[in-house]
Amino acid sequence: MRNEQFGLRLLPNYFKKIGIGILVLTILFFLLWAYKILTMDKLHVLTISKTGIIVSLMILSWTKIKTEDELTTQLRLIAFALAFSGGGITIIAGSFLESFGYNYITVDLFKNSAFVIISMYIMYFTTFRHLLKRR
Amino acid sequence: MNNTIKIQRAIKNLTQEELANLIGVSRQTINSIENNRYIPSTVLALKLSKVFGVNVNDLFELEDDD
C-alpha cells in the first residue's frame with residue numbers, strides 16, 4: 001500500500017550523529033570562550049552558542065530512532081504536545097515570578113526565547129524517553 | 001478493544017520479536033498491542049491478519065465502551 005497520508009517525515013537515523021556533533025562543537029566553542037582561550041565579543045558568542053544548541057536539538061528531535069514505527073511516531077507527537085504545553089507553562093510561571101519580584105531568575109532566563117525553546121526541547125526529550133521506556 | 005494476538009502468536013509458535021520482524025515494527029509495539037496499551041493502525045492490523053491468516057475481525061474485537 002502506498003503511504004501518502006499525513007504523517008511526520010523524519011530524518012534518517014545517522015542525523016543523530018550530526019546533531020550530537022553540532023551540540024558537542026557548540027559546547028566546546030562556548031567553553032573555549034569561557035576559559036578565555038578564544039577571544040570574541042560576548043554577544044556574538046551567545047548568539048552562536050544558542051543557535052548551535054537549538055539547531056542540534058532540532059535535528060535530534062526530528063531524527064528517527066532505530067526502532068521507529070507507528071507507535072513511536074504517536075509517542076513522539078504526545079511528547080511534542082506536552083513539551084509545547086510545558087513551554088507555555090514556563091512562560092506563565094516566569095511572568096508570575098517576575099511580577100512577584102523574583103527578577104534575578106526571570107530577567108535573564110524567562111525573557112530569553114532561546115531559554116524557553118531549549119527547555120521545551122529538554123521537556124520533549126525527557127517525555128519521549130519516558131514514554132519509550134513505558135511502551 | 002480486545003485482541004487475540006497473543007493466542008494467534010502461540011498457535012503460530014512465534015515470539016514477539018519474530019512477529020515484529022515479520023510486520024516491520026519493534027518488539028515493544030507488539031507487546032503494547034497485546035497488552036491493550038496501543039491500538040494499531042488499519043495497515044498494521046491488516047499486516048497482522050495476513051501473517052496469521054485470519055480476518056481482522058478475528059484478531060480485534062470491540063468492547064461495549066468502544
Side-chain angles (χ1 to χ4, degrees), chain A residues 1-21 23 56-87 120-135, chain B:
Chain A
M1 188 181 289
R2 288 184 67 200
N3 193 354
E4 290 180 352
Q5 62 182 345
F6 295 114
L8 286 178
R9 288 177 193 272
L10 300 168
L11 298 165
N13 186 254
Y14 64 81
F15 271 84
K16 187 177 177 181
K17 287 175 187 166
I18 297 171
I20 291 170
L23 187 63
S56 63
L57 294 177
M58 199 184 288
I59 291 171
L60 288 171
S61 69
W62 283 96
T63 301
K64 283 180 185 174
I65 59 166
K66 277 184 183 170
T67 56
E68 190 78 33
D69 59 23
E70 60 179 50
L71 175 57
T72 55
T73 304
Q74 190 171 326
L75 298 180
R76 199 180 281 283
L77 292 173
I78 293 169
F80 269 127
L82 289 175
F84 192 81
S85 304
M120 279 166 71
Y121 275 117
I122 291 167
M123 280 183 243
Y124 162 74
F125 286 116
T126 312
T127 314
F128 186 49
R129 291 288 153 203
H130 173 70
L131 291 171
L132 280 179
K133 277 185 184 174
R134 275 190 54 200
R135 80 188 147 147
Chain B
M1 185 181 278
N2 287 320
N3 70 72
T4 58
I5 291 172
K6 202 169 185 175
I7 298 162
Q8 295 292 341
R9 196 165 55 75
I11 292 168
K12 288 270 180 183
N13 201 21
L14 288 169
T15 62
Q16 286 186 343
E17 188 78 52
E18 287 166 342
L19 177 59
N21 290 335
L22 282 172
I23 60 169
V25 294
S26 66
R27 184 195 60 75
Q28 290 90 340
T29 299
I30 300 295
N31 188 49
S32 295
I33 296 169
E34 283 187 1
N35 290 304
N36 289 322
R37 286 198 304 271
Y38 175 63
I39 298 168
S41 67
T42 314
V43 175
L44 201 52
L46 288 168
K47 282 182 182 177
L48 285 165
S49 78
K50 197 174 177 183
V51 166
F52 294 128
V54 295
N55 285 325
V56 176
N57 281 336
D58 297 327
L59 278 179
F60 298 96
E61 189 184 38
L62 286 171
E63 287 179 292
D64 291 337
D65 56 343
D66 283 327

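Within every chain, numbering begins at 1; the chains are lettered A, B, ... in the order of the sequence lines, protein sequences first and strands thereafter.
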Enquirer: Ignoring hydrogens and angles, write down the donor-acceptor pairs under 3.5 Å from the side chains of residues 128-135 of chain A, residues two or more places apart or on other chains.
Expert:
residue	atom	partner	partner atom	Å
A/R135	NE	A/L132	O	3.2
A/R135	NH1	B/S26	OG	3.3

Enquirer: Between B/R9 and B/E34, is there a side-chain N and carboxylate O pair less than 4.0 Å apart?
Expert: yes
Enquirer: Do B/V25 and B/I33 have side chains that get closer than 4.5 Å, going by heavy atoms?
Expert: no
Enquirer: If you define the side chain from C-beta out and look only at heavy atoms, does anything of B/T29 sit under 4.5 Å from A/T67?
Expert: no
Enquirer: Might you confirm whether atom CG of B/D65 has over 12 heavy atoms from other residues, nucleotides or ligands at distances under 6.0 Å?
Expert: yes
Enquirer: Name, in order of residue number, those residues of residues 73-82 of chain A that have a heavy atom at a distance of less than 4.5 Å from a heavy atom in chain B; otherwise write 'none'.
Expert: A/Q74
Enquirer: Are B/L19 and B/V51 close enough that some pair of their side-chain heavy atoms sits under 4.5 Å apart?
Expert: yes
